[in-house]
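One structure is given here, and the rest of the page talks about it.
Protein chains get the first letters and strands the later ones, always in sequence-line order, with residue 1 at the start of each. Given the structure is predicted, the values throughout are model-derived calculations rather than measurements.
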Amino acid sequence: MKAISKLKWMMPPSLSRHCSHTPIASRNAANHPPSSLLDDFTRFCYQRDLPRAIRAMDAMQRLGLQADAVTYSELIKCCLSRRAIAEAKLVRNHIFSGGYDPKTFLVNNLINMYVKFNLLEEAQALFDQMPVRNVVSWTTMISAYSNVKLNDKALDLMVLMLRDGVRPNMFTYSSVLRACDSLVSLGQLHCSIIKAGLDSDVFVRSALIDIYAKWGELRCALCVFGEMVTGDSVVWNSIIGAFAQNNDGDGALNLFKRMKRAGFQADQPTLTSVLRACTGLALLELGAQVHVHVLKYDQDLILNNALLDMYCKCGSLEDAKSVFDRMVEKDVISWSTMIAGLAQNGYSREALKLFELMKVSGTKPNYITILGVLFACSHAGLVEDGWYHFRSMKNVYGIDPGREHYGCMIDLLGRAGKLDEAIRLIEEMEYEPDAIIWRPLLDACRVHRNMDVAEYAAKQVLNLDPEDAGTYILLSNIYANSQRWEDVAVVRKNMRERGVRKEPGCSWVEVTKQIHAFILGDSSHPQIVEINRQLNLLIHKLREVGYVPDTSFVLRDLEGEQKEDSIRYHSEKLAIAFGLMSLSKGKTIRIRKNLRICGDCHIFAKLTAKVENRNIVIRDPIRYHHFQDGICSCGDYW
DNA sequence: TTAGGGTTAG
């Protein structure tokens, strides 16, 4: 007791309150006055002097001395900030030595430390040994499992916690929501949250919005958002992100406007979601406007990646390259985005060169990077390169080829007319073939007129997905190309009977930051009469330079818009005519389509680009076509 | 006296 009173006396007043505990009596205090040792230890902990604190702790252990729980907490913080795992283990051993029974909050601190070091098993072992677990102990473990997506473990722990009679709080709910694995359990959790009166907590609210968005339940997300009385920027970001991630760019942009009206400043996550919305809608002008705000966060990696993707997907490769070159920090996403962007925009060889640079830079490619590389090969007919990269993904990078990589290879071989080789690859594959495999094969059969394989592949796709309108159309077009009209009729009948409807072709064009939509056969655009007049004039002009509408595309029309008289009014033709009359000379006409471009529109766009001296970019769901001076960046290979 | 939120590539 004497030692303690001396210790308190020697400590600065700010620290003395932490030493209310009685240290275990010294076993051999002759040469080491315990009071000064404890004093030193406490001081080193508060000074965050880890090496000296550890040395003092060693000496204390030899004397059987222990300090106050708050002091140990300081030491744990110090280990955490220095990522000193070995020292952290010494601290743990010391805390549990000498039969000392540490306070619950101290063990919670230790568990949290192990979690932060990604040593989940050690955290779980400590948790299991605890005689008493409080809400923080449970929440720390639940949150740890949620973070590493061990959702079952997180949910199991929640059940055990309830059985143990510990009531979850807002921390627990905001953690466990991320682990929610079904809409049913989400509904149950949401009910409990309301019952406990925790639904007004902003953390819980943003977690609810995120998880509803993850399950595609935007209406529920919006309800949770709408109940918010006091504003919160993260909750705004959650709801904007929810719409952006569910491909509702319009919804995201409208919410963004509301956020600004409500007086909130856009930060990195806001701008990232807004860029994603622009990317989805191909709104280059708006995206470029957002770029100005991005400059404030000059070297934010995620934001720059989103910007890069926006420029790639809006077909503005110059801007994308400039962003990419200026990025000081690049990660695997930056490289993958640029590689895929180049490939989709018709710059396959540049994409492959960039892949080489990526390897030199030391960034390890991943599953998605290789998909971009194989996409580049398949869209440029680079069979040898494709095989080389396909083989090296496993041998060099240790990435197992997934179905999608096989799909790319089959696409590559199929386009190059190597149907036998494609089929051999399917046979060699360790996966059961599915639509990802059969579709590219089917497409290759259409191009290379292989009826037998086409029929087989189409039937396989329809077995797996009987409502896939694209495949019915493809099959019927393949029959039509071979004049097998009875088979065409059977396919159409099947479609009708199964209630399968094809999506109508739609094109969007951005004019002065406004989106104008054109749907085949829809005359709701206020300027439709003038647009049709322009289109007819244009067709007349093109005919003079040799344009002949290719009606064979009516038959092999990829995914819709197949009416014989409709080819003239395909949505992209209307969009091009509108672009020509609305955008000033020299401005690129940028069009986004929901279906793949048909061959006739492709020729039409090439000739228009030449005759009108206008750049046209058309983005379809798979790739991009840059029309300039009578040629297309895809090299007519798509 | 410890535990919880939003953003990027196919």
What residues form a salt bridge (Lys or Arg N to Asp or Glu O under 4.0 Å) with A:Asp434, not counting sequence neighbours? A:Arg403
Test: A:Arg596 and A:Asp620 ion pair at under 4.0 Å: yes
Which part of the nucleic acid, if any, lies within reach of A:Asp300 when heavy atoms closer than 4.0 Å are counted: base, sugar-phosphate only, or nothing? nothing
Does A:Arg276 make a side-chain N or O approach to OP1 or OP2 of B:dT8 shorter than 4.0 Å? yes
B:dA3 OP1/OP2 closer than 4.0 Å to side-chain N/O of A:Asn112: yes
Over all strands shown, is A:Glu74 touching base, sugar-phosphate only, or nothing at heavy-atom distances under 4.0 angstrom? nothing
For A:Ser137 and A:Asn108, which heavy atoms make the closest approach, and how far apart are they? OG-OD1, 2.8 Å
Gap between atoms CG and C1', on A:Leu106 and B:dT2 respectively (whole Å): 9 Å
Using a 4.0 Å heavy-atom cut-off, does A:Thr139 contact any base of the nucleic acid, only the sugar-phosphate backbone, or nothing at all? base
Options B:dG5, B:dG10, B:dT2, nucleotide nearest the side-chain atoms of A:Leu371: B:dG10
So that I can tick it off, tell me whether A:Arg82 and A:Glu87 are bridged by a salt bridge, with the cut-off set at under 4.0 angstrom between side-chain N and carboxylate O. no
Just checking A:Ser73: base, sugar-phosphate only, or nothing, at a heavy-atom cut-off of under 4.0 Å? nothing
Measure from the side chain of A:Thr272, starting at C-beta and using heavy atoms only, and say which of B:dG10, B:dT2, B:dT7 lies closest. B:dT7
Are A:Lys313 and B:dG10 close enough that a side-chain N or O sits under 4.0 Å from OP1 or OP2? yes
Output the residues of residues 201-209 of chain A in contact with DNA chain B, where contact means a heavy atom of the residue under 4.0 Å from an atom of the strand; sort by number or write none. A:Asp201, A:Val202, A:Phe203, A:Val204, A:Ser206
Nearest to the side chain of A:Ile302, which nucleotide is it out of B:dT2, B:dG10, B:dT8? B:dT8
Tell whether A:Ser175 reaches the base of B:dG4 with its side chain through a donor-acceptor pair below 3.5 angstrom. no
Check every strand shown and say whether A:Phe375 touches a base, only sugar-phosphate, or nothing at a heavy-atom separation below 4.0 Å. nothing
Short N-O contact, A:Asp400 and A:Lys394, less than 4.0 angstrom: yes
Decide yes or no, distance alone: a donor-acceptor N/O pair under 3.5 angstrom between the base of B:dA9 and the side-chain of A:Asp331. no
Under-4.0 Å salt bridge between A:Arg48 and A:Glu74: yes
Taking the basic N atoms (NZ, or NE/NH1/NH2) and the acidic carboxylate oxygens, is any pair closer than 4.0 Å for A:Glu350 and A:Lys353? no
With heavy atoms under 4.0 Å as the rule, sort A:Asn304 into base, sugar-phosphate or nothing. nothing
